[in-house]
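Let me begin by presenting the structure, written as structure tokens, before commenting on it.
We count residues from 1, following the sequence as given. Counting starts at 1 for both ligands and their atoms, following the listed order.
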Amino acid sequence: MKRILSGIQPSGQLHIGNYFGMMKTMISNMESSDLHVFIVDLHALTSVHDREKLATGTLEAAADFIALGLDPQQCTFWVQSDVAEVCELSWILSTLTPMGLLERCHSYKDKVAKGIAASHGLFAYPVLMAADILLYQSEIVPVGKDQKQHLEVARDIAIKFNNTFGETFVVPEPAISETTAIVPGIDGQKMSKSYGNTIPIFLDEKSLRKRVMAVQTDSTPVEDPKDPENCNLYALLKLFAPEDKMAEVHDLYVNGGAAYGYLKQDLFELINEYFKGAREKKKQLLDNQDYLREILAAGAGKAREKATVTLELVRERVGLKY
Ligand code: ADP
Ligand code: TRP
């Protein structure tokens, strides 16, 4: 069984880009892999400096995953900071990470351009992510396309460590689904918690409707033909609509007759239906937070066992055992 691992930041409400880019793939791999899913609160600290927001976001992200179908009994599911070994590995890896490798990372530059403070933690973010991946000897890492470069950094660091100190780490492979690599936000840019352009998975019906109606479209008249490939409303519909419905919509786009208002109503109904059951389940989970905490503590115990084995080996390899 392959070891598959991926994490998500509890830095805001999880959205349909997170779902199709990563969560859905992870959940569907539950039975056929040695699955590792975690909530990366230490990474979220690079952008969230509000204790309530981070703590609540972490519990909510855990509830979200379970409500969407993750069974904690069939995988290892934990909160990153509960296994602090990752910080030690991160430091060790940082001592052999070239500055140039981090300076080339787009994500750092994009985040600073969007107004996130340029801290050392934000700059070193990819090293902590490499530590996450390597500590658990992960083979496959499902992510959205925005994380591709970070995966390359993790691979480079693994290879450099292995060459310097002898075979220690599995070199991980990214898994990026072509069809959902970048889910657009309501403004057509990549949907992201930090861009304020998301459609959250767990909105109540009324807010969801409002959000979907805010999807930006151009001003082409209804009867004129439109280009489906350059329309974010079309891209979003494609995630939820069955094939026959999508064939009809495609027809309306290329031959004229696509009315954005009606299509947004369709999109709202499809999203609402898709996540209705999960919404109910999340409510129940949040009503029983002790149960959630127990699950996460048990998950951290399982994760720590694996982390300790790798870290002992690393300490030995680099000379931290005397
Ligand atoms: P955000 O950018 O909203 O903060 P995260 O960085 O927490 O999201 O990403 C969690 C996972 O979801 C990652 O694997 C990321 O690649 C994926 N993801 C995030 N946004 C999108 C998107 N718009 N399309 C596809 N995948 C996405
Ligand atoms: N950087 C990832 C993101 O923003 C989250 C993350 C942290 C991650 N550690 C990871 C993803 C390890 C995969 C594997 O989406």
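- Polar contact with ligand 1: absent for Q147 (N/O pair, distance under 3.5 Å).
- Taking every heavy atom of M191 and a limit of under 4.0 angstrom, the matching atoms of ligand 1 come to 20 (N), 21 (C), 22 (C), 23 (N).
- Counting atoms of ligand 2 from 1 in the listed order, those under 4.0 Å from a heavy atom of I133 are 12 (C), 14 (C).
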E152 and R155: salt bridge (charged side-chain N to carboxylate O under 4.0 Å, His left out), yes or no, with the steps?
-> CA-CA 5 Å; E152 281 157 14; R155 286 172 59 86; over 6 Å; no
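- In this structure, Y108 has its ring center at least 6.0 angstrom away from the ring center of Y125.
- Those atoms of ligand 1 that come under 4.0 Å of a heavy atom in A181, given as number and element, are 24 (N), 25 (C), 26 (N).
- Residue, atom and distance of the protein heavy atom nearest to atom 27 (C) of ligand 1 are G17 O, 3.3 Å.
- F240 and F20 have their aromatic ring centers within a separation under 6.0 angstrom.
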Query raised in the report: Can you list the steps and then say if D41 with S81 is a side chain to side chain donor-acceptor pair (under 3.5 Å)?
Result: CA-CA 6 Å; D41 55 348; S81 66; 2.6 Å; yes
Query - Working for side chain to side chain donor-acceptor pair (under 3.5 Å), residues S107 and D110 - result: CA-CA 5 Å; S107 171; D110 291 350; over 6 Å; no
Item to complete: Would you check, one step at a time, whether the test side-chain contact (heavy atoms from CB on, under 4.5 Å) holds for V37 with S6?
Response: CA-CA 5 Å; V37 186; S6 197; over 6 Å; no
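- Both the sub-6.0 Å distance and the 45° axial angle are not jointly satisfied by K306 relative to the ring of Y136.
- Closest heavy-atom approach to atom 22 (C) of ligand 1 among the candidates N197, V40, I8, V183: V183.
- Here the protein heavy atom with the shortest distance to atom 5 (P) of ligand 1 is K193 NZ, 3.5 Å.
- Using a 4.5 Å heavy-atom cutoff, the side chains of L5 and F38 are in contact.
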**Asked** Going through the checks in order, is the salt bridge (charged side-chain N to carboxylate O under 4.0 Å, His left out) test met by K245 and D266?
**Response** CA-CA 10 Å; K245 165 83 185 164; D266 288 347; 2.8 Å; yes
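- Of all the listed residues (K193, Q147, H150), Q147 holds the heavy atom that lies closest to atom 3 (C) of ligand 2.
- Not a single heavy atom of P184 sits closer than 4.0 Å to an atom of ligand 1.
- Atoms of ligand 2 lying under 4.0 Å from any heavy atom of V141, numbered from 1 in the order shown and given with element: 13 (C), 14 (C).
- Short contacts between ligand 1 and Q9, defined as distances under 4.0 Å to a heavy atom of the residue, involve ligand atoms 6 (O), 7 (O).
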| request: Test salt bridge (charged side-chain N to carboxylate O under 4.0 Å, His left out) on D34 and K2 and set out the steps. | output: CA-CA 6 Å; D34 176 14; K2 291 269 187 201; over 6 Å; no
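- Using a non-hydrogen distance threshold of 4.0 Å, H15 registers as a contact of ligand 1.
- Under a 4.0 Å criterion applied to the non-hydrogen atoms of Q9, ligand 2 contributes the atoms 4 (O).
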Worked verdict on Q189 versus D187 for side chain to side chain donor-acceptor pair (under 3.5 Å) = CA-CA 6 Å; Q189 289 192 72; D187 58 357; 3.2 Å; yes
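- Here is the list of ligand 1 atoms found below 4.0 Å of a heavy atom in M22: 11 (C), 12 (O), 14 (O).
- The closest side-chain donor-acceptor pair between N272 and R209, if any, does not fall under 3.5 angstrom.
- Counting only N and O atoms by type, the side chains of E52 and T56 include a donor and acceptor under 3.5 Å apart.
- Counting protein heavy atoms only, atom 19 (C) of ligand 1 is closest to N18 ND2, 3.3 Å.
- The cationic group of K226 lies under 6.0 Å from the six-membered ring centre of Y260 and within 45° of the ring axis, placing it in a cation-pi geometry.
- Remark: ligand 1 atoms within the under-4.0 Å shell around heavy atoms of G21 are 25 (C), 26 (N).
- Among protein heavy atoms, the minimum distance from atom 2 (O) of ligand 1 is reached at S192 OG, 2.9 Å.
- Residue D146 does not touch ligand 2, judged by heavy-atom distances below 4.0 Å.
- Close approach to H43 involves these atoms of ligand 2, each under 4.0 Å from a residue heavy atom: 7 (C), 9 (N).
- Annotation: Y125 places an N or O atom under 3.5 Å from an N or O atom of ligand 2; distance criterion only.
- Between D132 and ligand 2, a contact under 3.5 Å exists for at least one N or O pair.
- Separation of atoms CG (L263) and CZ (F268) is listed at 15.0 Å; rounding is to 0.5 Å.
- Given atom 5 (C) of ligand 2, the protein heavy atom at minimum distance is G7 O, 3.7 Å.
- When side chains are defined from C-beta on, L35 counts as touching L70, because their heavy atoms get closer than 4.5 Å.
- Between P142 and ligand 1, no pair of N/O atoms sits closer than 3.5 Å.
- Proximity of Q80 to ligand 2, defined as any heavy-atom pair under 4.0 Å, is not found for any part of the residue.
- Remark: among candidates D146, L14, V143, D110, the nearest residue to atom 16 (O) of ligand 1 is D146, based on non-hydrogen atoms.
- Atoms of ligand 1 found under 4.0 Å from any heavy atom of K190, numbered from 1 in the order shown, are 2 (O), 19 (C), 20 (N), 21 (C), 23 (N).
- With a 4.0 Å cut-off on non-hydrogen atoms, L128 does not touch ligand 2 at all.
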